[in-house]
Asker: 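This structure is in structure tokens; I'll ask about it shortly.
Note that ligands are numbered from 1 as they come in the structure, with each ligand's atoms numbered from 1 the same way. Model, not experiment: these values are computed from the prediction.
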Amino acid sequence: METKKFTMQFIKDKWAKRPLIISGPCSAESEEQVIQTAIQLAETGVVDIFRAGIWKPRTRPGTFEGVGIRGLPWLQKARKISGLPVTVEVASAKQVEDAIQFEVDVLWIGARSAVNPLSVQDIANALKGTDVPVLIKNPLNPDIELWMGAVERIVKAGVKNIGLIHRGFSTFGNTEYRNAPMWHMAIEMKRRNPHLMMICDPSHICGRRDILQELSQKAIDLDFDGLMIESHIDPDKALSDAKQQITPQQLKKLIDSIKWRHESTSENSFNLALEKLREQINQIDDELMQLLSQRMKIADMIGEYKRNNNITILQPTRWNEILEKAGIKGKLLGLSEEFIQKYFDAVHIESINHQNKVMNS
Ligand code: PEP
Ligand code: MN
């Protein structure tokens, strides 16, 4: 492969590309694995930036925590050989300095750092006076102000090229996803920061490879500006996140299968904008249904409890309390009193029906 000259303009051109495709292993594991993955990804022709984690902030100790600084020369080599700019996750000022010293082109702040303003500030301090682009993942918990705060700290450090990565949110218990997408969080973040690009990380949302394509398409339908997808030359043998990684060839197939809706120029812009908004509404409606179903499952459990303890289904004082609070909250959220009343009545009736069934089963 030909060696490319990495001018700042080259990086900026890649950075400005829509959709921007970032791919590479969850973790750099060996020089061979890093270089081979980068070469194969460059050969697909669909990847703009090569990613690899060097310092891995893992939730539990005792798992693979990354190769550390000795992986940076591997990335530098992969960058030269493949011609792809590279990005790594940084979690401290020292890591920012080390990464920049080894010519890392783009930095990203992970979900476990984004939750901690002290970590983000430490990173921001080291970024002052540099012109390296920075991607900021959403924090683990669905707190939009925390995500905004991380962006503000990086903006204040003088960083010009900032992007956001939606990687889903931690939830308790087993769900279809490793991290709940909660699309409305990303949509609201985009609404607040229309000038920042929003990339989706389907790998960490899904946690498994079989639903990556579907989720990626959803993100593109919601007008995301790019995708960050983990890939590995031998995914099943990956030292971290093995279940969600795919080969460079599978990545190419996935990217080729995506319908890039915003590229179709035959439709007029009004129709396109409308379609995107409707897709957002569909997503939110889908999430509301899932939440309602969860709520009814809890009602079933309460029904069982009441049955076993011989307690009545209806407790008017409790229900009045709920209604009163909902009315006040609804007003604050811009929802009419009439709507809140109707909505809660409907939910209440359904809940009573569920409990009734359990009581009499
Ligand atoms: C990663 O990208 O490998 C990673 C650790 O992601 P996150 O911070 O989203 O968990
Ligand atoms: Mn990972």
Asker: Nearest 0.5 Å please: distance from the NZ atom of K56 over to the CZ atom of R112.
Answerer: 8.5 Å

Asker: Nearest heavy atom to atom 9 (O) of ligand 1: which of R167, Q245, H166 does it belong to?
Answerer: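 Closest candidate by heavy-atom distance is R167.
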
Asker: Could you tell me which N, O or S atom of D241 is nearest to the Mn ion (ligand 2)?
Answerer: OD2

Asker: Check whether any N or O atom of H204, backbone or side chain, sits under 3.5 Å from an N or O atom of ligand 1, and answer yes or no.
Answerer: yes

Asker: Measuring from atom NE2 of H348 to atom CD1 of I322, what distance do you get when rounded to the nearest 0.5 angstrom?
Answerer: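 Nearest 0.5 Å value for the NE2-CD1 distance: 7.0 Å.
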
Asker: What protein heavy atom sits nearest atom 6 (O) of ligand 1, and how far off is it?
Answerer: K137 NZ, 2.9 Å

Asker: Can you name the N, O or S atom of H204 that is closest to the Mn ion (ligand 2)?
Answerer: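 Of all N, O or S atoms in H204, the Mn ion (ligand 2) lies closest to NE2.
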
Asker: Please report the interatomic distance CD1(I199) to CE(M228), rounded to the nearest 0.5 Å.
Answerer: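 So the CD1 of I199 and the CE of M228 are separated by 7.0 Å.
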
Asker: Any N or O of A111 that comes nearer than 3.5 Å to an N or O of ligand 1?
Answerer: yes

Asker: State the CD1-OG1 distance between I22 and T87, to the nearest 0.5 angstrom.
Answerer: 6.0 Å

Asker: Which atoms from ligand 1 have a heavy atom of R112 less than 4.0 Å away?
Answerer: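 Counting from 1, the qualifying ligand atoms are 7 (P), 8 (O), 10 (O).
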
Asker: Pair D98, K94 - check salt bridge (Lys or Arg N to Asp or Glu O under 4.0 Å), show working.
Answerer: CA-CA 6 Å; D98 289 343; K94 171 81 167 67; 2.7 Å; yes

Asker: Taking only heavy atoms of E89, which atoms of ligand 1 are found under 4.0 Å from at least one of them?
Answerer: 4 (C), 5 (C)

Asker: Would E230 count as a polar contact of ligand 1, with the cut-off being nitrogen or oxygen pairs under 3.5 Å?
Answerer: yes

Asker: Parallel, tilted or perpendicular: which describes the rings of F169 and H166, with under 30° parallel and over 60° perpendicular?
Answerer: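 If you compare the ring of F169 with that of H166, the planes turn out tilted.
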
Asker: Should you measure from each heavy atom of W108, which atoms of ligand 1 turn up under 4.0 Å away?
Answerer: 2 (O)

Asker: Judged on heavy-atom distance to atom 2 (O) of ligand 1, which of K56, Q244, R51, M228 sits nearest?
Answerer: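 Residue with the shortest heavy-atom distance to the ligand atom: R51.
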
Asker: Within the 3.5 Å criterion, strictly below it, is a donor on D221 or Q217 matched to an acceptor on the partner's side chain?
Answerer: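 Per modelled atom types, D221 and Q217 side chains form a pair under 3.5 Å.
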
Asker: Can you list the ligand 1 atoms lying under 4.0 Å from a non-hydrogen atom of G110?
Answerer: 8 (O)

Asker: Please tell me whether Q9 and D13 have a donor and an acceptor in their side chains that are separated by less than 3.5 angstrom.
Answerer: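 Q9 vs D13: donor-acceptor pair found between side chains.
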
Asker: Is there a path of hydrophobic side-chain contacts, each under 4.5 Å between heavy atoms, that joins I205 and I255?
Answerer: yes

Asker: As a test of reading the structure, name the N/O/S atom of E230 that is nearest the Mn ion (ligand 2).
Answerer: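 For E230, the N, O or S atom at the smallest distance from the Mn ion (ligand 2) is OE2.
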
Asker: C26 heavy atoms, cut-off 4.0 Å: which ligand 1 atoms fall inside?
Answerer: 3 (O)

